[in-house]
Amino acid sequence: FGCLRPASLGSWLRNIGTGADDSTAPEIFRDRYRRLPRDQRLPQVLVTALSRQFPGEEISRDCAFCRDYKRFPLHFLHGTLRGAPVGRATYYFVAGEDGVVRAAVTHWEVGAGAEGLLEGSCHGGLVAALLDDAFGGLANTHMRSVGRSGSIVTAYLAVDELALVLLPASLTCSACVGCQVGRKVVLSGQVFAGDALRLVGVGQALFVEPRDGG
């Protein structure tokens with residue numbers, strides 16, 4: 001895990017507050033996400049990833065969210081592919097004591113219908129798309145947490161795939177902010193497969209806020 005460790009999860013929780021209504025989220029997340037439903041547990045592999053990346057920090061479901069599908073019915077991952085072969089995603093966002101969101105860990109279950117050229121293995125483009133989604137979610141919430149619009153798009157994406165992913169698969173993406181200058185955010189991330197969190201991909205991205213969006 002290559003992300004820098006934020007100063008404190010606890011301080012961030014105090015900044016965003018908690019809520020009893022699972023359907024609502026703090027303002028910086030509300031553009032895209034809902035709170036994780038009470039009857040949905042945090043995936044254990046996501047908890048393991050967070051424990052490795054942020055040792056000693058409290059892991060709280062108040063930092064966990066899911067995508068608001070009703071707002072994005074035609075989204076490639078969250079609409080078109082949702083259900084089969086791509087399951088429901090879980091997002092976990094991390095910030096420092098200043099309340100600025102600096103890292104995200106996401107979890108997906110991918111079924112047999114996501115094959116590439118090699119029978120039984122995941123399409124490489126889908127692996128890249130899942131990491132791009134983690135980058136986009138982090139870039140959006142990071143920009144909103146620093147007072148910008150959060151309307152941001154991929155300008156550059158490079159993903160090196162290090163190993164085949166056999167299906168069905170549990171895929172966990174980790175992303176962190178490298179730097180942000182004005183409308184631009186540079187991010188790096190990794191993709192892990194299975195409960196053992198085997199590294200299967202690494203990537204970098206540049207996201208840019210359109211000039212009329214910030």
* Under the 3.5 angstrom rule, does the side chain of R61 hit a backbone N or O of Q40 as a donor-acceptor pair? -> yes
* To do: Decide if atom CZ of R198 counts as having more than 12 heavy atoms of other residues, nucleotides or ligands within a radius under 6.0 Å.
  => yes
* Structure fact -> What one should report as the nearest heavy-atom pair of A128 and V159 is CB-CG2, 4.0 Å
* Asked: Taking C-beta and beyond as the side chain, do P210 and R183 meet within less than 4.5 Å on heavy atoms?
  -> no
* **Heavy-atom check, side chain of D195 versus side chain of T48, under 4.5 Å** => no
* Heavy-atom closest pair, residues V191 and C173 -> CG2-SG, 4.1 Å
* To do: With side-chain contact (heavy atoms from CB on, under 4.5 Å) as the test, would you mind laying out the steps for V94 and R102 before giving the verdict?
  => CA-CA 6 Å; V94 182; R102 303 188 186 281; over 6 Å; no
* At their closest point, which heavy atom of F93 faces which heavy atom of G137, and how far apart are they? -> CE2-O, 3.7 Å
* **Minimal non-hydrogen separation, A114 against P85, with atom names** => N-CB, 3.7 Å
* To do: Please determine if R144 forms a cation-pi arrangement with F29, meaning its NZ or CZ atom is less than 6.0 Å from the six-membered ring centre and no more than 45° off the ring axis.
  => no
* How about D133 and W108: do any of their side-chain heavy atoms sit closer than 4.5 Å? -> yes
* Look at the rings of F135 and F207 and say which category their plane angle falls in: under 30° parallel, 30 to 60° tilted, over 60° perpendicular. => perpendicular
* Asked: For the side chain of E115 and the backbone of G120, is there at least one donor-acceptor N/O pair under 3.5 Å apart?
  -> yes
* Asked: Going through the checks in order, is the side-chain contact (heavy atoms from CB on, under 4.5 Å) test met by V185 and I152?
  -> CA-CA 9 Å; V185 186; I152 196 161; 3.9 Å; yes
* Over all heavy atoms of both residues, which pair between I59 and S51 is shortest? Give the atoms and the distance, please. => CD1-OG, 3.4 Å
* Structure fact -> Closest non-hydrogen atoms of T106 and Y91, given as atom of the first, atom of the second and distance, are CG2-CD2, 3.4 Å
* Out of curiosity, H107 NE2 to L50 CG, how far, rounded to the nearest 0.5 Å? -> 11.5 Å
* Asked: Between atom SG of C63 and atom CD of E58, what is the distance when rounded to the nearest 0.5 Å?
  -> 8.0 Å
* Asked: D160 side chain to V202 main-chain N or O, any donor-acceptor pair under 3.5 Å?
  -> no
* Asked: H142 side chain to V101 main-chain N or O, any donor-acceptor pair under 3.5 Å?
  -> yes
* When rounded to the nearest 0.5 angstrom, what distance separates SG in C179 from CG in L187? -> 9.0 Å
* With the 4.5 Å side-chain cut-off for hydrophobic clustering, are M143 and L206 part of the same group? -> no
* Verify the cluster assignment for V86 and L164: are they in a single hydrophobic cluster under the rule of side-chain heavy atoms below 4.5 Å apart? => no
* Distance in Å, L131 CG paired with Q190 CD, rounded so as to fall on 0.5 Å steps -> 8.0 Å
* Asked: Given the rule in the side-chain contact (heavy atoms from CB on, under 4.5 Å) test, do R34 and R67 qualify, once you have shown the distances and angles that lead to the verdict?
  -> CA-CA 6 Å; R34 295 164 51 94; R67 193 66 177 244; over 6 Å; no
* **Any donor-acceptor N/O pair, E119 side chain to S121 backbone, under 3.5 Å** => no
* Tell me, do Q204 and V186 make a side-chain contact under 4.5 Å, heavy atoms counted? -> no
* To do: Examine V146 and V208 and state if one hydrophobic cluster contains both, with Ile, Leu, Val, Met, Phe, Trp and Tyr joined whenever side-chain heavy atoms are less than 4.5 Å apart.
  => no
* Check whether any side-chain heavy atom of L199 sits under 4.5 Å from a side-chain heavy atom of L162, and report yes or no. => yes
* Asked: So, for F65 and Y92, is the gap between ring centers shorter than 6.0 Å?
  -> no
* To do: Would you please say whether a donor-acceptor pair under 3.5 Å links the side chains of S151 and E209?
  => no
* Side-chain contact, heavy-atom cut-off 4.5 Å: L130 with L77? -> yes
* Heavy-atom side-chain proximity of E109 to P168 below 4.5 angstrom -> no
* Asked: For the atom pair CG (L36) and CG (D62), what is the distance rounded to the nearest 0.5 Å?
  -> 10.5 Å
* Taking C-beta and beyond as the side chain, do C66 and R88 meet within less than 4.5 Å on heavy atoms? -> yes
